[in-house]
Every structure is written in C-alpha cells, then in structure tokens.
Amino acid sequence: MDEFQLIRSYFQPDARGEGVVLGVGDDAALLQPAPGQLLVTCVDTLVAGVHFPEDAPPDAVGHKALAVNLSDLAAMGARPRWFQLALTLPEIDEAWLAAFSSGLHRLAAEQDVALVGGDTTRGPLTITVQAMGEVAPAQALRRTGARAGDRLYVTGTLGDAALGLDLWQRGVRPAGGDDPAGYLIDRLHRPTPRMAAGRAAAGLARAAIDISDGLLADLGHLLDGGEGLGAVLQADSLPLSPAYRAHCDDALPGRAALSGGDDYELLFAVAPENEVAFQTALQNVPAGCTCIGWITEDSAITLQGDGQTQVLTRQGYQHFN
Ligand code: ADP
Ligand code: MG
C-alpha cells in the first residue's frame, strides 16, 4: 500500500460536508464559512510516548487527536465544521490505521465535522489535527476579560484522566469500561469535547478556557488575562466522579482534581449579572456545569474547605495557614 492508497482507504470519506466546496484530493481544500461568521482555527500535535502512551488503543488515539482540538473550539464558543489531519507514521500498519481512522471518523460523525485534507509522512508516530469552526463575532469566548467578582464554573468532573493515566501506567487494563478503573482510563483515552457547553456559554461567559493542563494551571491562564487577579475555590464544590472518589486516597479534594491534566473540561468566568442567564443556558448540557468559586482582586489562589483555607500555587499545594 502506498501513501495515496492509504489516504483513499482511510482518510477520504465519501460524504462531502456542508460548506466543503472541495475536500480531500486536490492541492488544497476550498471551504465556505457561513456569512458573517468568524473562522476559528486551532492545531494540536500528539506525539507517541509524550501525549499518549505508546500502547494506547489506536481507536482512542484517533478519537483523542480530534477531541483535543474540538475542545479548543468549544472553549472559544465555536461550532466545529472541518478538520485536517497530518499523520507521521513509522510504517504502514493496516490494523493500526483501520482502528485509528475508525476512532477518528466516529467522533467526526458525532460532531458533524468533515475531514477536508491533510498530509502523510514517514517518521516517529505523530498526529497533528487542525480544526476549524465558526462563531459570531460578538459571541467568541476568550481567555482574557475575567474580572474580580466573576463566578467560576466548570463542566463535567475533574481529575478523572489523571487517575486513569496513573492506573494505565501501573498496568491496569480493564476489559470493559463499566468498572471505576475502566471509566477513569476511558476518560484519559477518550475525552469528550464539551461542544454543547461552549456553544451555550457563548455570549454569556466573560472568559473561558479548556482544562488540558489541570484546573490550577489553566485557571492561572484565565487569571493572567486580567490584572493581578486571584481566585477562591471551594473544596466541597469541586465536581468529582464516583469513580474518582472510589480511587482517590489523597486528602480531599484530591491533588488530581486540582492539578491533573487531560480532562478537557471547560472553565468559565461568569459576571454576577449574567449568572442566572448562564445557569439557564447550561442547565440541559449533558456534562453539567458546577460553580466552584469566584475571582478575587488578591492574586493568590486559595482553597476553602473543612474550616481551613489553603493557599495553592498554580501547580498545586504550597502551604497551609
Ligand atoms: P501535495 O503533495 O499537493 O501536498 P499530498 O500528496 O500531500 O498533496 O496530498 C494529496 C491530497 O490528500 C491532499 O488533498 C491532501 O489534503 C490529502 N491528504 C494527504 N494526507 C492526508 C491525510 N492523512 N488525511 C486526509 N487527507 C490527506
Ligand atoms: Mg502534502
């Protein structure tokens, strides 16, 4: 099988997406954004052994390569539309390619995004996806703009992927996804991009970011978008899954929920006057959305719980007081 057969077999879906004037097969794609919308574009690379375990299931690698990019579009409040795939492969392994492309195409179909082009090269296993979406100019969510007094909301649950990675690295390989370990590992390998939440929050949240490096690190980026801001987090409010609670033996609320990466949840700063409208818009979002604290003028990030206040660094715990 040569490069062109490979593209035809695995990466040239027949269906032409809406707005795709010309897709895979020419020198470049021709795309038609809806009138009046901004084009939103992002790119993320996954390197084997760095961004996913070398032995991760290939369908999960296909899913995750697209999911992490869709998560960035969600964090901008965008509707996802198209993507490109640059694939660097050490060899042509058809079983791997079949599973990889099925994971990729399944998520693409679910989210109604069309593969419109890419590149295929030989080298150490590396997957780059560039995703494109649309948003009305006034609705785009940015990292900047949060202010003291804004409420902090987060989708889904925190820390699951970090616990999943720990289990995977310790050699746990659950047969199904039904037990807690299977659930946590699945959250690592197959993160769900929070598209509905991002769209619902567009125009209502004051700032937004997706949590790829851990809550504290990405909250830090949101706070950096304003002048000298800090935050108070409420330990009892941090959303934790039943599987997380079953597996986490840290002191509450758990290091993984604060600092663990790879969750791909969305974090929003919401102005007090928009809070009711925001809650209403997000109440039917499948992942749910939880208020975990608020933004302060004082630049520290503190965690309140159990009658104690802990000052946190942006990486994790610093000291108690
Ligand atoms: P060129 O040499 O003009 O860059 P390529 O041979 O790299 O063309 O690609 C031929 C066509 O196949 C292009 O439309 C390109 O977008 C598409 N393509 C290449 N690799 C992939 C891939 N991994 N997934 C999807 N489309 C791809
Ligand atoms: Mg090329």
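All ligand and atom numbering here is 1-based and tracks the order in the structure. Atoms considered below: every heavy atom in the structure, side chains included; atoms not considered: hydrogens, waters and symmetry mates. Numbers here simply count residues along the sequence, with the first being 1.
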Note: ligand 1 atoms sitting under 4.0 Å from heavy atoms of G117 are 16 (O), 25 (C), 26 (N), 27 (C)
| From CA spacing to verdict: side-chain hydrogen bond (donor to acceptor under 3.5 Å, both in side chains), T155, E265 | CA-CA 5 Å; T155 59; E265 297 299 346; 2.5 Å; yes
Residues passing the side-chain hydrogen bond (donor to acceptor under 3.5 Å, both in side chains) test with Q111, sequence neighbours excluded, are none
Does the distance from a Lys or Arg side-chain N to an Asp or Glu carboxylate O, for R79 and D112, drop under 4.0 Å? no
Original post:
Taking distance alone, with no angle check, do F4 and ligand 1 share an N/O pair under 3.5 Å?
Top reply: no
Near D27 (heavy-atom distance under 4.0 Å), the atoms of ligand 1 are 3 (O)
* Would you please determine whether E3 falls within less than 4.0 Å of ligand 1 on a heavy-atom basis? => yes
The atoms of ligand 1 lying under 4.0 Å from a heavy atom of D119, numbered in the order shown, are 7 (O), 19 (C), 20 (N), 21 (C), 22 (C), 23 (N)
The side chain to side chain contact (heavy atoms under 4.5 Å, CB included) partners of A277 (sequence neighbours excluded) come to L204
State whether the shortest distance between N or O atoms of D26 and N or O atoms of ligand 1 falls below 3.5 angstrom.
yes
Contact region, I7 to ligand 1, non-hydrogen atoms below 4.0 Å, reads side chain
Look only at interatomic distance and state if G118 has a nitrogen or oxygen under 3.5 Å from any nitrogen or oxygen of ligand 1. yes
State plainly whether the residues R190 and D59 are in salt-bridge range, i.e. N to O under 4.0 Å.
yes
TODO: Test side-chain contact (heavy atoms from CB on, under 4.5 Å) on F11 and L6 and set out the steps.
DONE: CA-CA 8 Å; F11 303 114; L6 183 157; 3.8 Å; yes
